[in-house]
Number of protein chains: 2
Amino acid sequence: MGNIRLALVDAHPIMRDGIRCLLADTPEIEILHSTNTITDLIPLLYHDPVHIVMTVFYTPDPEDVAMVKHLCSKHQRVQVLVMSMYKMENFILKMIRAGAKGHLTSDTDRDEMVEAILTLRNGYDFYAKTITNLILKNYLEEAENKLESKHEREQKLSTRELEVLKLFADSHTNKEIADKLFISVRTVESHKNNIMQKLNLKTMVDMVKFAIRNNLVDL
Amino acid sequence: MGNIRLALVDAHPIMRDGIRCLLADTPEIEILHSTNTITDLIPLLYHDPVHIVMTVFYTPDPEDVAMVKHLCSKHQRVQVLVMSMYKMENFILKMIRAGAKGHLTSDTDRDEMVEAILTLRNGYDFYAKTITNLILKNYLEEAENKLESKHEREQKLSTRELEVLKLFADSHTNKEIADKLFISVRTVESHKNNIMQKLNLKTMVDMVKFAIRNNLVDL
DNA sequence: GTTGTTCTGCGTGAATCACTGAAAATCGTC
DNA sequence: GACGATTTTCAGTGATTCACGCAGAACAAC
């Protein structure tokens, strides 16, 4: 089948170097591109197409999902492998729905990474065991009605809520958010209320801080 | 001087592997430990002490600063090298104050990383150029009395206004602030209005961010 | 089909914002 | 002490947002 042409997307150059190093002694995988964002990558794909795009995400961002979707629609032949440093099933499922063909968590190692790449190249999907386990565990936990951990709370934020949170923490008024998302101001208020409740925050100052801490907005 | 004994702390195993791989062909650096958190590392240091601990942080968290402080006080001979994937001067400065002897950003590469480790081992501090530039820029701005630098803007605030701003950015409601300062709610509102005008801020989300950026409150 | 979640929206009263004005207290200065 | 500048204090008004609750519509899961 020949060499596997791979593109690497990760906002942190040193991490790209690290992954490149890990894949260095796997000669059948050839890293053609290495960019900060999917946006940077797309134009390069016209001249030098790849088989697989591996993207690393550090924080659950609806825009990332949109970018994956965009990439998949624009280059339908490429297989997208997502590595997420968070463990939110919601977002992972969204990535898959957006067109990602495989998923890895940060718990992974070189062998699993290579396995994932090879699996995708062979036309099959690949989901790390940790993910399937996570989903299983979550169902069990839901059944057991476990107490909310910090992570669980984060997981609970829906896509829409994250969008609202991001816009709000980016200094937009409710009216502006409503216009941008084509919903009513009351709905924006509802979302904000739900966010505060889910995250157990008291004021919107806390909401801003949460958004900053989780890299949803810049300081 | 012999081998450099290094410990690696990163919440994401795959990233630890990546860094380990990058350092593989630097025989004078020996990675003894590789843990998820500083907490996990500390007990290991009693049996197998290291020269340098390199920790990677992905998001600005006050607890991380506390952990670095704790590590530095508990093992005073180890040198802590922090790599942060964010670029907030405040937090980086806090890490340095907490006892970190060096700092890298995610823009770094293998060579700079090795250089940082060697520098620390030789007893010197190491700060990536991007960071020193940032710090320098800040000092220059202060010295040159540039048109409203952050600091100048801060200076413009009166004592009372600063008190109000701090309390507000610390998640207190206007009523709480009023009670604490023994003034009326309307006065609190006035102060906040004046602050926004003086600092040329549009929303109170901006006010919160200003307070965080200027270390008036913790994130 | 049932169940559950998300997204959407509304009502109400309280709190806060944005803007303006203004009196009393404080401070530096002559 | 007198004067001006600044700070601190407080209020009126209308718009916006908060806090809490409630509920239908859309959608996915089982």
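Below, chain A is the first sequence line, B the second, and so on; all start at residue 1. Heavy-atom basis, side chains included; hydrogens, waters and symmetry copies ignored.
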Original post:
Taking for each residue the nucleotide of DNA chain D bearing the nearest heavy atom, is the 5' side occupied by A:K175 or by B:S184?
Top reply: B:S184
Subject >> Distance, rounded to the nearest Å, where A:E161 contributes CD and C:dT5 contributes C1' >> reply: 10 Å
Pairs under 3.5 angstrom, nitrogen or oxygen only, protein versus nucleotides 18-24 of chain C, please.
none

**OP:** Using atom CD1 of B:I195 as one end and atom C1' of D:dT8 as the other, report the distance to the nearest whole Å.
**Re:** 13 Å
**OP:** Give me the residues of residues 165-174 of chain B where at least one heavy atom lies under 4.0 Å from an atom of DNA chain C, by number, or none.
**Re:** B:T173, B:N174
**OP:** May I have the distance from A:I183 (atom CD1) to D:dA26 (atom P), rounded to whole angstrom?
**Re:** 16 Å
Subject >> Contact under 4.0 Å: A:K192 side-chain N or O vs D:dT17 OP1/OP2 >> reply: no
Original post:
Taking only N and O in the side chain of A:H191, is any of them less than 4.0 Å away from OP1 or OP2 of C:dT8?
Top reply: yes
Tabulate below the donor-acceptor pairs under 3.5 Å that side-chain atoms of residues 184-192 of chain B make, not counting sequence neighbours, or state none.
residue, atom, partner, partner atom, Å
B:S184, OG, B:R186, N, 3.0
B:S184, OG, B:T187, N, 3.3
B:S184, OG, B:T187, OG1, 3.4
B:R186, NE, B:E189, OE1, 3.4
B:S190, OG, B:R186, O, 3.3
B:K192, NZ, B:N174, OD1, 2.6

Original post:
Will you find, in the side chains of A:H51 and A:R121, an N or O donor that is under 3.5 Å from an N or O acceptor?
Top reply: yes
Original post:
Between B:D40 and B:T37, is any side-chain donor less than 3.5 angstrom from a side-chain acceptor?
Top reply: yes
Subject >> side-chain hydrogen bond (donor to acceptor under 3.5 Å, both in side chains) against B:K175, all qualifying residues, sequence neighbours excluded >> reply: B:D179
Subject >> Interatomic distance, A:E163 CD vs C:dT8 P [rounded to whole Å] >> reply: 8 Å
Original post:
Does anything in residues 163-188 of chain A pair up under ring-ring contact (aromatic ring centres under 6.0 Å, His included), and if so which pairs, sequence neighbours excluded?
Top reply: none
Subject >> Partners meeting side-chain hydrogen bond (donor to acceptor under 3.5 Å, both in side chains) with B:D109 (sequence neighbours left out) >> reply: none
Original post:
With B:C21, which residues qualify under disulfide bond (SG atoms under 2.5 Å apart), at least two apart?
Top reply: A:C21
What pairs of donor and acceptor atoms, side-chain ones from residues 6-18 of chain A against any protein atom, are under 3.5 angstrom apart with sequence neighbours left out?
residue, atom, partner, partner atom, Å
A:D10, OD1, A:H12, N, 2.7
A:D10, OD1, A:Y58, OH, 3.0
A:D10, OD2, A:Y58, OH, 2.8
A:H12, ND1, B:S106, OG, 2.8
A:R16, NE, A:S34, OG, 2.6
A:R16, NH1, A:D10, O, 2.6
A:R16, NH1, A:T35, O, 3.1
A:R16, NH1, A:N36, OD1, 3.3

Original post:
Rounding to a whole Å, what distance do you find between B:E176:CD and C:dT16:C1'?
Top reply: 14 Å
Original post:
Are OP1 or OP2 of C:dG9 and a side-chain N or O of A:T187 less than 4.0 angstrom apart?
Top reply: yes
Subject >> Pairs flagged by disulfide (SG to SG under 2.5 Å) wherever residues 184-219 of chain B is involved - sequence neighbours left out >> reply: none
Subject >> A:D206 CG - D:dC18 C1' separation (whole Å) >> reply: 14 Å
